[in-house]
2 protein chains.
Amino acid sequence: MNTSEKVSADPSEDAGPFAPVVAPRSAPAQVADQVVAAIREGRLRPDDRLPAERELARTLGVSRPTLREALAGLELAGLVRSRQGHGTVVVASAAVVANWGAEMTPTQVFEARLAIEPELARLAAEKRYPEDIAVLRQAGADLEEEFARTGHYRSDLPVHRAVARAARNPVLATALEEALRHTETARWKELRSSALRPEVIREGHVDEVRRVVRHVIRGEAREAAEVWRTHLVHYRDEMLTGLQIDAGHDAEPLET
Amino acid sequence: MNTSEKVSADPSEDAGPFAPVVAPRSAPAQVADQVVAAIREGRLRPDDRLPAERELARTLGVSRPTLREALAGLELAGLVRSRQGHGTVVVASAAVVANWGAEMTPTQVFEARLAIEPELARLAAEKRYPEDIAVLRQAGADLEEEFARTGHYRSDLPVHRAVARAARNPVLATALEEALRHTETARWKELRSSALRPEVIREGHVDEVRRVVRHVIRGEAREAAEVWRTHLVHYRDEMLTGLQIDAGHDAEPLET
DNA sequence: TTGATGGATTGGCCTGACCACCTGGCAACT
DNA sequence: AGTTGCCAGGTGGTCAGGCCAATCCATCAA
């Protein structure tokens, strides 16, 4: 969890002696953090009642509206449930909250995508709803058109998302979006800029995308999953080659 | 502010002439719903600025604190970002929000778990952090002890969660929790009560759990994943046998 | 024992206000 | 001309205090 020693906010774009000031955490956010931490550490368990709003606000040293903003956020997130005249009770278990706000190394992101996306392709090929197929076909056509015209393409994300949508599984689709969200950090941008220079985009990439689209359209589930998997493996290997430090392990693995 | 006329809650568990009263949606929740809907429908796109709080509150007919509770929730969920003096801007794309609040059929839940859990077992077996292994071993031992003593067990969820934790992948672990969350509806409880009566719990179930724990401990990644997968398949088949209506398909599949 | 009741507690929502911060434009200075 | 300094307006951040409605629970009456 500890970042590198030389703080230096964003290594990818920090050139001078000055680092940007940290954005202060708002009062409601700090309150919410405390509650989340309490749940994670087991100091608050499901069905526990929080102190009354007026009292809790006083103990935390914030006003009641501020506290209520925090509780509203937690309730919208499903961690807590408030009922008039009854109180505010914890709903989520520690397991639900265990990984909130966790950092993801690039290796972990690929672990997740490799678990999810081939299965999404398989499901998409099995279900084949006409609307979804149309969207997928269009996304593939757009990519091919851009590649044919310019010799490269900016992103194949629309195809990945079209496959996810066509799979019709909210949990898996949301999980993919979650993985992609971790792809917008400075570290990733740096990886992309060094690994995915336009001249690196080979015909092979486009071909993999083309084949996945075709397999899904034809309902060839196993083949779709396999192509999607190799596509991700290629992408991962290009991205992570020569990357020794990955900080994904902060403890020693065990031998049998 | 007006609720629906004929309440008519959940058709899946409505047996008598009386339907449970629908829990009224709070004002902040309704506001948040509107924003989410606007994002989903593309009426609000990333980088769009929302109207100023005072103005938006007036437009929606709520007070500013109420509006702020809604925005606090949306910000905690990462859909929106407020900065003092600048305004509130949309962060999330329609894709992120596309599946929020979606219902999951039992079939879909198993689709997700079958995609995620074998991979979690594989990763757990590859990483094998001592703390996680200890937790997993304990969870397995608890299950065996309960089964040996009573001839059945209430739940193998602790083992599933221990495997997830040992995989050290926040996105996948959270996705599993999300899938499990959809397992607490009335429909699922009904399925469980009819399919998992104590006398149905066979030695085979416990044996599968035992084998997964052992494979993970020994670092046999492929075997761990395979056993976990068959365990889920067995569970699914027992649960869904004789279940014709699944409502997972609301459009006609396409032929090639 | 049972049922009603009324107060105390709790969250739900509002009004109004002040502060801190950001932005953009204008004026003063170099 | 370009830079700096300043300030006013708009914005979110926070607070204080209040009223209402749902719930709970101890009390009391039948």
Side-chain angles (χ1 to χ4, degrees), chain A residues 18-35 38-39 44 46-92, chain B residues 1-4 7 9 20-35 38-39 44 46-92:
Chain A
F18 299 106
V21 281
V22 296
R25 201 114 172 94
S26 74
Q30 291 185 49
V31 172
D33 287 345
Q34 287 202 34
V35 176
I39 294 177
L44 282 177
D47 292 337
D48 280 357
R49 273 232 325 260
L50 296 172
E53 291 186 353
R54 292 165 179 82
E55 179 192 345
L56 186 53
R58 194 160 35 78
T59 47
L60 293 175
V62 299
S63 71
R64 204 177 148 214
T66 296
L67 171 65
R68 280 185 59 80
E69 277 189 32
L71 294 181
L74 295 173
E75 176 150 18
L76 237 71
L79 298 190
V80 119
R81 168 80 192 160
S82 292
R83 273 178 318 178
Q84 197 165 321
H86 179 259
T88 302
V89 299
V90 177
V91 172
Chain B
M1 310 295 179
N2 62 356
T3 57
S4 65
V7 183
V21 180
V22 60
R25 201 113 174 93
S26 73
Q30 292 185 47
V31 171
D33 287 345
Q34 287 202 34
V35 176
I39 293 177
L44 282 177
D47 291 338
D48 280 357
R49 274 232 322 263
L50 295 172
E53 290 185 355
R54 291 163 181 82
E55 181 191 345
L56 186 53
R58 194 161 35 78
T59 308
L60 295 174
V62 298
S63 71
R64 206 179 145 216
T66 296
L67 171 64
R68 281 185 59 80
E69 285 187 23
L71 294 180
L74 295 173
E75 177 150 16
L76 203 85
L79 298 190
V80 118
R81 169 78 192 164
S82 292
R83 272 178 316 177
Q84 195 166 318
H86 180 260
T88 302
V89 298
V90 178
V91 173

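In what follows, chains carry the letters A, B, and so on, assigned in the order in which the sequence lines appear, proteins first and then strands, with residues in each chain numbered from 1. No hydrogens, no waters, no symmetry mates; every other heavy atom, side chains included, goes into these values. What you are looking at is a predicted structure, and each value in this text was computed from that prediction instead of being measured.
Between the CZ atom of A:R81 and the P atom of D:dT23 there is a distance of 11 Å, given to the nearest Å. One interatomic measurement links the two molecules: NE2 of B:H86 to C1' of D:dG10, which rounds to 12 Å at whole-angstrom precision. Distance CZ (B:R58) to P (C:dT15): 12 Å, rounded to an integer number of Å. Regarding B:L50, its CG atom lies at a distance of 16 Å from the C1' atom of D:dG10, rounded to whole Å.
Inter-residue side-chain proximity for B:Q30 and B:V62 is flagged as unmet; no heavy-atom pair is nearer than 4.5 Å. Using a 4.5 Å heavy-atom threshold, the side chains of B:L50 and B:V80 count as touching. Taking the side chain as every heavy atom from C-beta outward, B:D47 and B:V89 never approach each other to under 4.5 Å.
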Atom pairs, N/O to N/O, protein against nucleotides 13-19 of chain D, distance under 3.5 Å?
from	atom 1	to	atom 2	distance (Å)
D:dG13	OP2	B:R68	NH1	2.8
D:dG13	OP2	B:R68	NH2	3.3
D:dG13	O4'	B:Q84	OE1	3.2
D:dG13	N7	B:R64	NH2	2.9
D:dG13	O6	B:R64	NH1	3.3
D:dT14	OP1	A:A27	N	2.7
D:dC15	OP2	A:S63	N	3.1
D:dC15	OP2	A:S63	OG	3.1
D:dC15	OP2	A:T66	OG1	2.5
D:dG18	O6	A:R64	NH1	3.1

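Summarising the geometry of A:I39 relative to A:A92, their closest heavy-atom pair is CG2-O, 3.8 Å, with the distance given to 0.1 Å. A:E53 and A:L67 make their closest contact through O-CD2, 3.2 Å (heavy atoms, listed as atom of the first residue, atom of the second, distance).
The salt bridge (charged side-chain N to carboxylate O under 4.0 Å, His left out) test with A:E75 is passed by exactly one of A:R68, A:R83, A:R81: A:R81.
A close approach under 4.0 Å does not occur between any side-chain nitrogen or oxygen of B:T88 and OP1 or OP2 of D:dT11.
Two residues, B:L71 and A:G85, neighbour DNA chain D, and the one matched to the more 5' nucleotide by heavy-atom proximity is B:L71.
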